[in-house]
Amino acid sequence: WNTAERLDILSIIDAYTINGAKALRQNDKVGSLEVGKKADFIVLNQNIIDLARNGQSHRIDETKVLTTIFNGTVVYSAH
């Protein structure tokens with residue numbers, strides 16, 4: 001509603017990942033994909049960054065999680 005207060009897609013992803021980990025003082029273990037950190041991540045069916053950058057952010061809510069990796073192990077697969 002107030003475009004001056006909106007965030008770009010990379011800031012939103014950072015809020016849910018590395019900045020969330022920093023807030024919990026866990027950024028040495030989680031929050032980004034780096035050697036020595038837990039491998040926690042998801043695989044999506046579409047590139048939400050491209051959608052946002054190409055003016056199609058309204059389609060982000062159509063995104064499906066294909067795979068969830070937690071601590072290096074597949075814990076969910078849509079296939």
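Side-chain atoms are counted along with the backbone in the values below, which use heavy atoms only and exclude waters and symmetry mates. Sequence positions, counted from 1, serve as the residue numbers for this chain.
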Task: Common cluster, Leu51/Ile42, ILVMFWY with side-chain heavy-atom separation under 4.5 Å - done: yes

Open item on the list: What verdict does the side-chain contact (heavy atoms from CB on, under 4.5 Å) test give for Thr17 and Val30, after you've listed the backbone C-alpha separation in whole Å, the side-chain angles of each residue and the deciding distance to 0.1 Å?
Closed with: CA-CA 8 Å; Thr17 57; Val30 296; over 6 Å; no

Task: Same apolar cluster (I L V M F W Y, side chains within < 4.5 Å links), Phe41/Val74 - done: yes

Task: Spacing of Asn27 atom CG and Asn19 atom CG [to the nearest 0.5 Å] - done: 9.0 Å

Task: salt bridge (Lys or Arg N to Asp or Glu O under 4.0 Å) contacts touching residues 13-36 (sequence neighbours left out) - done: Glu34-Lys37

Task: Other ILVMFWY residues reachable from Phe70 by side-chain steps of under 4.5 Å - done: Val75

Open item on the list: Are Leu33 and Ile13 connected into the same hydrophobic cluster when the rule is that any two of I, L, V, M, F, W, Y join if their side-chain heavy atoms are below 4.5 Å apart?
Closed with: no

Open item on the list: According to side-chain contact (heavy atoms from CB on, under 4.5 Å), who are the partners of Arg53, at least two apart in sequence or on a separate chain?
Closed with: Leu10, Ile49

Task: Closest non-hydrogen atom pair between Gly31 and Ala21, with its separation - done: CA-CB, 3.8 Å

- [ ] Quick one: pull up CG in Asp61 and CD1 in Ile48 and give me the separation to the nearest 0.5 Å.
- [x] 11.5 Å

Task: Over all atoms of both residues, closest heavy-atom pair of Gln46 and Glu62 - done: NE2-C, 3.7 Å

Open item on the list: Please enumerate all residues that pass side-chain contact (heavy atoms from CB on, under 4.5 Å) together with Ser11, with sequence neighbours excluded.
Closed with: Leu7, Asp8

Task: In one Ile/Leu/Val/Met/Phe/Trp/Tyr side-chain cluster, 4.5 Å: Ile9, Val65 - done: yes

Task: Results of side-chain contact (heavy atoms from CB on, under 4.5 Å) for Asn45 - residues two or more places apart only - done: Thr63, Lys64, Leu66

Task: side-chain contact (heavy atoms from CB on, under 4.5 Å) partner of Ile69, the single match among Asn71, Thr67, Thr73 - done: Thr67

Task: Qualifying residues under side-chain contact (heavy atoms from CB on, under 4.5 Å), relative to Asp50, sequence neighbours excluded - done: Asn47, Asn54

